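Notes for the one structure printed next.
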Amino acid sequence: MSEASGSTLGSDIQAKIGQHLRAMYDDVVRQGVPDRFLDLLAKLDQPKVGDGPDGEGGRS
């Protein structure tokens, strides 16, 4: 079966693929965000020196 012939996967195969994808996704979600990423995100949220409310931070 090839894409060019217009064939599709059967519903049982689609369901099995869906089960595997959900299991993989659930595992990734359970792992959470590493502390080093949380630290980087916190640093990105901090305003830079010279950044004012008018958006003029001296960047060019």
Side-chain angles (χ1 to χ4, degrees):
M1 289 188 225
S2 69
E3 288 284 327
S5 67
S7 62
T8 59
L9 297 174
S11 60
D12 55 334
I13 294 174
Q14 289 179 8
K16 194 59 116 173
I17 290 172
Q19 289 171 353
H20 284 280
L21 288 173
R22 275 190 294 278
M24 289 173 50
Y25 178 77
D26 287 344
D27 185 45
V28 170
V29 170
R30 272 193 299 275
Q31 290 177 15
V33 179
D35 290 338
R36 62 185 181 156
F37 288 171
L38 293 174
D39 292 341
L40 286 172
L41 290 171
K43 287 179 183 178
L44 289 172
D45 284 340
Q46 296 174 354
K48 294 202 182 283
V49 175
D51 279 351
D54 59 357
E56 296 292 326
R59 295 181 202 157
S60 49

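Throughout, numbering of the chain's residues begins at 1 and tracks the sequence. Predicted model only: the values in this text are computed from it and were never measured.
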Query raised in the report: Among the clusters formed by ILVMFWY side chains lying less than 4.5 Å apart, do Leu44 and Leu38 turn up in the same one?
Result: no

**Report entry** Same cluster (ILVMFWY, side-chain, under 4.5 Å), Ile13 and Leu21
**Finding:** yes

Query raised in the report: Run the side chain to side chain contact (heavy atoms under 4.5 Å, CB included) check on Arg30 and Asp26 step by step: do they pass?
Result: CA-CA 6 Å; Arg30 272 193 299 275; Asp26 287 344; 3.7 Å; yes

Query raised in the report: Nearest 0.5 Å, what's the CD-CZ distance between Gln19 and Arg22?
Result: 6.5 Å

